[in-house]
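First comes the structure, then the notes that go with it.
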There are 2 protein chains.
Amino acid sequence: MKEGKPATIKEIAKRLKISPSTVSRALKDHPSIGLVTTMRVKKVAAELNYEPNQTAIFFKQRKTFTIGVVLPSLSEPFFSAAISEIENVANDRNYTVIMGQSLDDPGRELRILQTLKTHRVDGVLISIGKNTQEYGFIEQLESAGIPVVFFDCVPDLDGINKVVSDLEPGMLEAIDIFVSCGHHAISLINGPEMLPASIERKRSYIKGLNKCRIPLQDEYIVSTDLTTEGNDAAILKLLALPDRPSAVISFNDYVALDVMKTARQKGLSLNQDIHFISYANYPLWKYVENPPMASIEQFPGDQGKRAAEILFELIDDPQKRKEPIQAVLKSQLIAQG
Amino acid sequence: MKEGKPATIKEIAKRLKISPSTVSRALKDHPSIGLVTTMRVKKVAAELNYEPNQTAIFFKQRKTFTIGVVLPSLSEPFFSAAISEIENVANDRNYTVIMGQSLDDPGRELRILQTLKTHRVDGVLISIGKNTQEYGFIEQLESAGIPVVFFDCVPDLDGINKVVSDLEPGMLEAIDIFVSCGHHAISLINGPEMLPASIERKRSYIKGLNKCRIPLQDEYIVSTDLTTEGNDAAILKLLALPDRPSAVISFNDYVALDVMKTARQKGLSLNQDIHFISYANYPLWKYVENPPMASIEQFPGDQGKRAAEILFELIDDPQKRKEPIQAVLKSQLIAQG
DNA sequence: CTGTTAGCGCCTTCAT
DNA sequence: ATGAAGGCGCTAACAG
């Protein structure tokens, strides 16, 4: 059984004293090959434990049945959820998935994309890192015939394929529910100001307040650099306000975890003195003693799945690459517990 | 710039009116090629935006610079951590990583392995699913020249390459610390009895008790099927005991999360009436109000890293494939902040 | 130093 | 219904 080299079509042909082309055709049930011949070929193929050499096929067909996925981090739960769904979609279509993590390093990101290109993947799915500024790679890949679909963290560019989460619906719902619970001092702990994700949250927040006819108070919007220290500084700033907010919407779960802990340490009773809602990315609230009232869910799995589906459309039908495809998935408020 | 087909060595050769082999050699700085020629070749290559066709190279060299990784789940934090390190090791060596998740389905696992084989990956890293019984694929892959390294969840077989965590040190430490805190009623909430992971925990637990001269009480060992219901049933059984344990070691963090919640609901004060330590796989304790006293860490990242390193040794030096390589990483008790 | 030749494994016209 | 021939892009053995 222990064959050093796997069997090839040639060997099968030799054994049967027929030509390689016949074997090739028989193996794929070509109609013009006699039934008997086909059977004999398949029998020998089985005996020899023949397996087509995909690398040869890839080479010849200029197709690898592989897609590349580039993410900031592979261990982040948000992305894990996306990966998992992407793998499912790919697996269903008999594609394999090559992964790379940029770790928010533009250089590393570029290197990975380069590798994917030389590996001749059939398409690329990417959520860009925080620090990425250069998008030349899009042109590079597209002109090499490799379609690219962005998701979640996407460049602010037109003419690209992308799947994003619309942060607004969740924000509006969050403010609605706070208001209907009697809150009027609702604040926002936002991320770094220049981040698109922060800009959208702020815009939605203001819109939500307007909708509920709550006057905007500038000091209710604070920013954090997303470090634990930054998060703590942000909440402390809010708690020091003469008109301390009774409701807080935070940039994401990590921020919420930190600020809730700090608020608790400051003697506030969670879900009583102060209430929280955050954008979700860390699925652990069900285990926590005093979870936030609700989470604004961005459905990373769905985003990944949708992005993968779009990518496969593009792979299957080059025609569709002419017009950019863009999908927006609505965020949604999910009550906790 | 938008070339339909990427440039090839041939074209460069034609432009320069030299032979393809010269171009090929020049491109890789072969010493026997004149400096001028080399320069000219590289210049044209750059102009034509030449990029080597890796699929052709893979085909020719019978090597893909790709490793396959098969895991039960890509979204599980434990595996995410492993993946992340594996990707790092691979990336450092300019290898790419193909991922597949078995979802604990032996059929799906096998299909993924089959795909990896036909993709001619240079090596495979695998943590098998709970239900895997058949290991024929090892022979299959090895005989196709593809080395396999198991890690974390490994089959109970000799002669395979594997990296595992030794569950005992952490367990002994856990019992030691409990005892030194004055506990003598220490119980174990174990996983399914036939699971190797459960068997090892139980063995270590008994050893730890012996070491501390604490008599073993059978009713202090309970099992759960790892569902929330099973977990609750297990803790309730313990709480109903006339001699209720004051310390509990649980199979993993998920079990701990459930049973701690239930214990709290039953009116017990965590870290006061009852204390917990669990095998770690979910990195969230720092955010929880009453975390367990400590966690037994299995260092998934280190396991993944080590496994990847071993795999690359095997890939680089086929000689080493003759003797199985096995590594054991000690588990360790980590106090919670 | 450089060119020629041959072939990796498979597929695909084009003949027969 | 089957064979023969050629080529995908690159490399390497063998000549000069």
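Chain A is the first sequence line, chain B the second, and so forth, proteins listed ahead of strands; every chain is numbered from 1.
- If you measure from atom CD1 of B:Ile12 to atom C1' of D:dG9, you get 12 Å, rounded to the nearest angstrom.
- At the heavy-atom level, A:Thr37 lies under 4.0 Å from the strands shown only through sugar-phosphate atoms.
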Walk along nucleotides 10-16 of chain C from 5' to 3' and tag each nucleotide B, S or - by protein heavy-atom contact under 4.0 Å, base first, then sugar-phosphate. BBBB---

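- If you take NZ of B:Lys14 and P of C:dG3, they are 15 Å apart, rounded to a whole angstrom.
- Taken to the nearest 0.5 Å, the OH atom of B:Tyr95 stands 4.5 Å off from the CG atom of B:Asp122.
- Axis orientation changes by 50° from one end of the helix from C:dC1-D:dG16 to C:dT16-D:dA1 to the other, with each end axis drawn from 5 pairs and the value rounded to 10°.
- In summary, the side chains of B:Glu51 and A:Gln114 do present a donor paired with an acceptor at a separation below 3.5 Å, with no hydrogens or angles considered.
- Looking only at atom types and distance, the side chain of A:Thr115 has no donor-acceptor partner in the side chain of A:Thr118 under 3.5 Å away.
- One interatomic measurement links the two molecules: NE2 of B:His30 to C1' of D:dC14, which rounds to 13 Å at whole-angstrom precision.
- Whole-Å rounding puts the B:Leu27 CG to D:dA12 P distance at 13 Å.
- Residues forming a salt bridge (Lys or Arg N to Asp or Glu O under 4.0 Å) with B:Lys10 (at least two apart in sequence, or on another chain): none.
- Counting to the nearest Å, the P atom of D:dG9 and the CZ atom of B:Arg62 are 20 Å from each other.
- To the nearest 0.5 Å, the span separating CD1 on B:Ile12 from CZ on B:Arg40 amounts to 12.5 Å.
- Note that the NZ atom of A:Lys320 and the CG atom of A:Leu314 stand 8.5 Å from one another [nearest 0.5 Å].
- For the pair B:Ser19 and C:dG3, the criterion of a side-chain N or O lying under 4.0 Å from OP1 or OP2 is met.
- Atom CG of A:Asp158 has 12 or fewer heavy atoms from other residues, nucleotides or ligands within 6.0 Å.
- Looking at A:Leu16, A:Ile33, A:Leu27 one by one, the single match for side chain to side chain contact (heavy atoms under 4.5 Å, CB included) with A:Thr22 turns out to be A:Ile33.
- Remark: C1' of D:dA12 and CD1 of B:Ile33 are 13 Å apart, rounded to the nearest angstrom.
- The side chain to side chain contact (heavy atoms under 4.5 Å, CB included) test with B:Pro324 is passed by exactly one of B:Lys322, B:Gln326, B:Arg321: B:Gln326.
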